[in-house]
Amino acid sequence: MKRKIIVFLLSSFILIGCTSETKPKEVSFYENTEETKLKKSGTYYEIFVRSYADSDGDGIGDLNGIRENLKELSELGVEGIWLTPIFQSPSYHKYDVTDYYKIDKEYGTIEDLKNLVKEAHDKKIKVIIDMPINHTSHQHSWFKDVLKNKDSQYKSYYRITDKDNKKINTKSIEMGHKSWNKLNDQELYYALFSESMPDLNFSNQKVRDEMKKIGQYWLKETGLDGYRLDAAAHIYGKAEYSSEIDSSKENINWWAEYREAMRKTNKDVYLVGEVWMNSNIVSQYYKVFDSNFNFDLSENGITKAILMQSAGGLSTKIPLIYDSYKQETKNYIDAPFLSNHDQNRIAQTLESLSQQKLAASILLTLPGNPFIYYGEELGMKGQKPDENIREGYVWGNKYQTKWQASLYNKQTTSLLAQKKNAQSLYNHYKKMIQLRKSNSALKYGDFLIAETKDDQVLAFYRQYKDKKSLVVHNLSDKEKSIEIDNKNIKLSAYSTHIL
């Protein structure tokens with residue numbers, strides 16, 4: 001049965017009290033076909049650009065460093081890379097942008113990005129970049145003008161309100177600090193993540209149009225394949241508007257508008273959302289995104305199951321997550337991962353090599369587009385604060401970044417050394433990625449839990465058309481022998497078997 005197109009009117013903007021340039025408009029939700037879903041499938045690799053590969057000897061990772069090492073990524077087997085923010089910014093992480101039309105000079109130029117994308121495509125690797133448009137830097141020219149000029153034309157570009165506004169919770173505390181910050185003696189501005197990152201006002205159509213224009217510009221000029229959309233659930237943030245506004249609905253309406261605009265430039269654009277919430281909320285964003293990061297599996301799923309040597313939670317959790325996604329679209333593309341640039345590294349939590357290999361095996365046998373955080377395949381360690389989970393990739397050659405001293409990875413075996421060791425974590429990742437690429441059931445297939453009668457064994461089927469695979473993971477540190485579908489399967493400790 002074909003899915004009906006759902007149409008909403010953005011009439012709620014009138015309630016916000018926005019300027020006259022904002023008018024209600026229709027937004028439609030686009031759904032992938034099975035063909036486009038297959039086209040967008042693949043194993044992705046997250047690169048924290050500053051820390052990955054330094055091509056010019058200044059100690060800072062850059063776009064040319066990535067381009068010059070595409071052969072390494074291709075050899076590992078990844079089919080897509082996600083680059084953390086590359087736009088002009090005063091910070092090391094660059095999630096606070098000062099100019100969306102310029103690449104930060106620390107990382108290179110637009111020509112460097114064009115060359116990277118072209119050569120990546122030659123190697124069958126797609127490229128998506130981080131698009132942080134929930135907020136700008138407080139050093140952006142728009143906000144600087146607001147600070148300087150009482151009647152700035154850019155005042156309506158940000159969420160600014162009178163300090164005595166009773167309809168808004170101006171005392172709200174989120175992310176460990178006040179959400180509303182002093183602009184002047186009479187006014188406050190909203191900044192969810194930091195007072196140096198003022199939130200943009202998406203009730204202003206000029207802001208919406210500019211953000212769409214920026215997204216279309218980079219797709220057209222460089223041939224990028226899509227975007228990782230930062231803070232996607234916070235465009236209309238908690239306590240940012242009055243309670244009359246349904247923030248969740250307005251978030252989704254905005255992203256539907258954004259996706260429609262991106263598809264006009266690239267009909268196959270791949271959009272993956274950062275919606276750091278439970279799966280019931282995440283599922284709503286499958287109306288507008290191809291993929292959403294599966295935080296439920298990352299934070300309270302795979303790692304926890306391995307530490308507890310118990311598959312029961314995962315066996316229950318995974319089907320529930322997928323069922324919630326299916327209610328929105330049958331052609332969803334999950335985005336599972338073990339850790340990312342905002343979380344303690346997986347090897348910091350799972351200390352044994354066997355456990356790390358098992359985590360990789362589970363990740364790479366699940367549906368969707370698995371995302372590997374750079375260095376995860378080397379067993380890189382690190383725990384917060386953030387700089388310490390973003391240490392330099394351990395190359396063992398001239399590409400080593402040195403923007404910060406290594407605290408956790410002085411003993412981590414380099415890529416060059418691991419490539420020579422058949423039993424290394426790197427070669428395990430490489431083997432599992434290749435297995436996934438060569439097995440259509442693992443890459444594209446549906447998911448069905450298999451009964452094991454053993455809480456320490458996670459087993460499931462993956463099926464695509466006439467190809468069916470049984471995947472069995474032993475989460476314990478003991479050998480086991482189990483029976484599934486009249487098959488007697490012997491399992492070594494922390495192992496994976498695919499039949």
Side-chain angles (χ1 to χ4, degrees), residues 10 12-13 16-19 21-23 25 27 85 87-91 93-102 129-149 152-161 165 168 170 172 174-175 177-181 183 187-218 227-242 245 247-259 261-262 271 273-275 288:
L10 303 185
S12 54
F13 289 132
I16 300 173
C18 57
T19 54
E21 66 263 27
T22 301
K23 298 177 181 179
K25 61 184 295 185
V27 172
F87 304 126
Q88 183 174 291
S89 166
S91 70
H93 55 71
K94 309 204 182 302
Y95 278 94
D96 50 341
V97 177
T98 55
D99 192 332
Y100 287 98
Y101 291 99
K102 290 182 181 177
I129 64 171
D130 228 306
M131 184 58 75
I133 58 175
N134 174 71
H135 50 264
T136 70
S137 167
H138 68 306
Q139 295 183 36
H140 193 289
S141 60
W142 297 341
F143 197 72
K144 288 170 75 173
D145 193 72
V146 170
L147 294 174
K148 185 170 62 175
N149 301 316
S152 170
Q153 63 175 315
Y154 297 111
K155 197 168 184 179
S156 65
Y157 279 42
Y158 294 92
R159 284 295 296 137
I160 296 172
T161 192
N165 187 342
I168 296 176
T170 56
S172 171
E174 298 289 331
M175 308 294 178
H177 62 89
K178 286 184 179 180
S179 302
W180 288 93
N181 302 270
L183 180 69
E187 295 175 304
L188 306 172
Y189 69 93
Y190 187 82
L192 178 62
F193 293 98
S194 165
E195 63 180 323
S196 65
M197 299 181 187
D199 278 44
L200 287 165
N201 177 21
F202 280 83
S203 66
N204 183 342
Q205 192 63 43
K206 286 184 177 180
V207 172
R208 296 166 85 96
D209 290 343
E210 181 62 24
M211 293 303 109
K212 290 184 291 186
K213 180 182 173 185
I214 290 164
Q216 291 175 323
Y217 171 82
W218 289 103
Y227 298 117
R228 179 265 188 185
L229 298 165
D230 181 59
H234 301 296
I235 297 299
Y236 287 78
K238 188 174 182 181
E240 186 173 357
Y241 294 92
S242 71
I245 302 305
S247 297
S248 295
K249 178 180 176 181
E250 298 307 342
N251 280 327
I252 292 169
N253 282 344
W254 151 248
W255 288 120
E257 185 180 327
Y258 185 84
R259 176 172 182 158
M262 296 309 103
L271 300 179
E274 183 205 24
V275 182
V288 290

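Any value given below was found using the heavy atoms of this structure, including those in side chains, with hydrogens, waters and symmetry copies removed.
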In short, Ser172 meets Lys238 closest at the heavy-atom pair OG-O, 4.5 Å
Would you call the rings of Tyr258 and Trp254 parallel, tilted or perpendicular, where under 30° means parallel and over 60° means perpendicular? tilted
Between Tyr100 and Thr136, is any side-chain donor less than 3.5 angstrom from a side-chain acceptor? no
Where Tyr95 and Asp130 come nearest, the two heavy atoms and their spacing: OH-OD2, 2.7 Å
Can you see which heavy atom on His138 is nearest to which on Phe143, and at what distance? O-CD2, 3.5 Å
Show your working on salt bridge (charged side-chain N to carboxylate O under 4.0 Å, His left out) between Asp209 and Lys206 and close with a plain yes or no. CA-CA 5 Å; Asp209 290 343; Lys206 286 184 177 180; over 6 Å; no
Which pair of heavy atoms, one from Asn165 and one from Thr161, lies closest together, and at what distance? ND2-OG1, 2.7 Å
Check Lys94 against Pro132 and note the closest heavy-atom contact, atom names and distance. O-CG, 4.4 Å
Do Gln139 and Gln88 pair up side chain to side chain, a donor and an acceptor below 3.5 Å, judged on atom types alone? no
Once rounded to the nearest 0.5 Å, what's the spacing between atom CG of Leu200 and atom CD1 of Ile133? 8.0 Å
Heavy-atom closest pair (Thr98 atom, Ser89 atom, distance to 0.1 Å) is OG1-N, 3.8 Å
Is the distance between the ring centroids of His140 and Tyr154 under 6.0 Å? no
Do we get Arg159 above Tyr241's six-membered ring, with its NZ or CZ under 6.0 Å from the centre and within 45° of the axis? yes
Rounded to the nearest 0.5 angstrom, the CD1-CG distance for Ile160 and Leu188 is 10.0 Å
Measuring from Ser156:OG to Gln205:CD, what's the distance to the nearest 0.5 Å? 12.0 Å
Give the intermediate values and the outcome of side-chain contact (heavy atoms from CB on, under 4.5 Å) for residues Leu192 and Glu240. CA-CA 9 Å; Leu192 178 62; Glu240 186 173 357; over 6 Å; no
Do Tyr227 and Met262 pass the side-chain contact (heavy atoms from CB on, under 4.5 Å) test, and can you show the C-alpha distance, the side-chain angles, and the key distance before you say yes or no? CA-CA 10 Å; Tyr227 298 117; Met262 296 309 103; 4.0 Å; yes
Any side-chain heavy atom of Asn134 within less than 4.5 Å of one from Asp199? yes
Full working for side-chain contact (heavy atoms from CB on, under 4.5 Å) between Glu187 and Lys155: CA-CA 11 Å; Glu187 295 175 304; Lys155 197 168 184 179; 2.8 Å; yes
Worked verdict on Ser152 versus Trp142 for side-chain contact (heavy atoms from CB on, under 4.5 Å): CA-CA 9 Å; Ser152 170; Trp142 297 341; over 6 Å; no
CD of Glu257 to NZ of Lys212, rounded to nearest 0.5 Å, is 3.5 Å
